[in-house]
Amino acid sequence: MVREIKDSELDALLELYLCLHEEGIPEHDLHLEQTWEQITADPNHHIIVNEIDGKIVSSCVCVIIPNLTRGVRPYAFVENVVTHTEYRKRGYAGECLDYARKIASDNNCYKMMLLTGSKRPETLNFYKNAGYNSDDKTAFIQWL
């Protein structure tokens, strides 16, 4: 079942992020709690999860960004697309991306963007099959 995350599911999400690129679960401190509260209170910040048999197995983040161009229409940014290792290649992440597309459409976004650090052909093909292309824009990142 694809849906938005519940406030009580932080620990399950952090566990899933171990399959993304995290090396450990962050300490439950004031900073983590404040960040979680900020995310869950923001109506433009959507954490989408796919739950199978009571377990969160896939997720992505979709942030709606207000914008003054393109007819003052917002755009959506998708990040942290991940599926638990044991549940990959079953369409769960694609379902999360479809849900994100609906959120973007419902918010009158004119485009959706995502970045991936992966160079693996199967990952790039996954995003292409989900409707994204790498032809229209060039991404640059400056790490801080």
Side-chain angles (χ1 to χ4, degrees), residues 1-7 9-28 31-32 34-144:
M1 170 178 64
V2 181
R3 59 175 173 77
E4 292 203 46
I5 199 162
K6 299 173 188 167
D7 291 352
E9 295 177 314
L10 172 60
D11 290 330
L13 182 65
L14 294 175
E15 185 176 318
L16 178 62
Y17 282 171
L18 292 173
C19 297
L20 185 60
H21 51 64
E22 297 300 306
E23 295 180 10
I25 294 175
E27 180 182 338
H28 270 272
H31 179 66
L32 177 67
Q34 288 175 336
T35 301
W36 181 241
E37 288 174 14
Q38 182 181 6
I39 289 170
T40 58
D42 183 349
N44 286 324
H45 201 129
H46 305 269
I47 299 178
I48 300 157
V49 297
N50 202 334
E51 177 186 342
I52 304 299
D53 297 326
K55 179 178 181 167
I56 294 176
V57 300
S58 191
S59 180
C60 73
V61 174
C62 178
V63 180
I64 307 300
I65 302 170
N67 180 42
L68 295 174
T69 65
R70 303 287 182 159
V72 194
R73 292 176 63 196
Y75 58 94
F77 188 77
V78 175
E79 187 58 80
N80 295 335
V81 180
V82 60
T83 300
H84 191 284
T85 310
E86 296 173 14
Y87 292 83
R88 291 185 178 162
K89 299 192 186 301
R90 299 184 197 175
Y92 299 135
E95 291 174 355
C96 288
L97 290 176
D98 289 344
Y99 197 97
R101 182 175 28 252
K102 181 172 181 352
I103 290 171
S105 179
D106 289 349
N107 280 273
N108 196 33
C109 291
Y110 77 94
K111 71 177 177 183
M112 296 179 72
M113 297 186 303
L114 69 78
L115 298 173
T116 181
S118 177
K119 306 292 186 225
R120 296 172 49 208
E122 58 269 24
T123 302
L124 302 179
N125 285 333
F126 165 73
Y127 290 125
K128 287 178 184 176
N129 290 334
Y132 294 86
N133 76 72
S134 59
D135 301 326
D136 293 342
K137 298 268 185 174
T138 301
F140 291 89
I141 297 175
Q142 184 179 67
W143 296 102
L144 304 175

Rounded to the nearest 0.5 Å, what's the gap from [atom1] on [X] to [atom2] on [Y]? Could you check?
{"X": "L115", "Y": "E79", "atom1": "CG", "atom2": "CD", "value": "6.5 Å"}
{"X": "L16", "Y": "D11", "atom1": "CG", "atom2": "CG", "value": "12.5 Å"}
{"X": "I39", "Y": "D7", "atom1": "CD1", "atom2": "CG", "value": "11.0 Å"}
{"X": "I47", "Y": "T40", "atom1": "CD1", "atom2": "OG1", "value": "8.0 Å"}
{"X": "D136", "Y": "K111", "atom1": "CG", "atom2": "NZ", "value": "9.5 Å"}

Heavy-atom check, side chain of [X] versus side chain of [Y], under 4.5 Å:
{"X": "I141", "Y": "W143", "result": "yes"}
{"X": "L32", "Y": "L14", "result": "yes"}
{"X": "N67", "Y": "V72", "result": "no"}
{"X": "R88", "Y": "C19", "result": "yes"}
{"X": "S59", "Y": "N80", "result": "no"}
{"X": "M113", "Y": "Y75", "result": "yes"}
{"X": "V81", "Y": "L97", "result": "yes"}
{"X": "F77", "Y": "V61", "result": "no"}

Would you call E15 and K55 a salt bridge, using N to O less than 4.0 angstrom?
no
Counting N and O atoms only, with roles assigned by atom type, does the side chain of [X] sit under 3.5 Å from a partner on the main chain of [Y], one being a donor and the other an acceptor?
{"X": "R101", "Y": "A130", "value": "yes"}
{"X": "S58", "Y": "V82", "value": "yes"}
{"X": "H21", "Y": "L18", "value": "no"}
{"X": "W36", "Y": "H31", "value": "no"}
{"X": "H84", "Y": "E86", "value": "yes"}
{"X": "D42", "Y": "Q38", "value": "no"}

Heavy-atom neighbours of R70 CZ exceed 12 at 6.0 Å:
no
Identify the two heavy atoms, one from [X] and one from [Y], that lie closest to each other, and give their separation to 0.1 Å.
{"X": "I48", "Y": "C62", "answer": "CD1-CB, 4.1 Å"}
{"X": "I64", "Y": "A76", "answer": "CD1-CB, 3.9 Å"}
{"X": "L124", "Y": "K119", "answer": "CD1-O, 3.9 Å"}
{"X": "P43", "Y": "H46", "answer": "O-NE2, 3.2 Å"}
{"X": "C109", "Y": "R73", "answer": "O-NH2, 3.0 Å"}

Is there a side chain to side chain contact (heavy atoms under 4.5 Å, CB included) between I103 and E4? Walk through the geometry before answering.
CA-CA 10 Å; I103 290 171; E4 292 203 46; 3.8 Å; yes
Could you go step by step and tell me if E9 and R3 meet the salt bridge (Lys or Arg N to Asp or Glu O under 4.0 Å) rule?
CA-CA 12 Å; E9 295 177 314; R3 59 175 173 77; 2.7 Å; yes
Salt bridge (Lys or Arg N to Asp or Glu O under 4.0 Å) assessment of D98 paired with K102:
CA-CA 6 Å; D98 289 344; K102 181 172 181 352; over 6 Å; no
Look at the rings of Y132 and Y127 and say which category their plane angle falls in: under 30° parallel, 30 to 60° tilted, over 60° perpendicular.
perpendicular
For V2 and E51, what are the C-alpha separation, side-chain angles and deciding distance, and is it a side chain to side chain contact (heavy atoms under 4.5 Å, CB included)?
CA-CA 6 Å; V2 181; E51 177 186 342; over 6 Å; no
Verify side chain to side chain contact (heavy atoms under 4.5 Å, CB included) between I65 and N44, making sure each step is shown before the conclusion.
CA-CA 7 Å; I65 302 170; N44 286 324; over 6 Å; no
Check the pair N50 / I56 against side chain to side chain contact (heavy atoms under 4.5 Å, CB included), numbers first and verdict last.
CA-CA 6 Å; N50 202 334; I56 294 176; over 6 Å; no
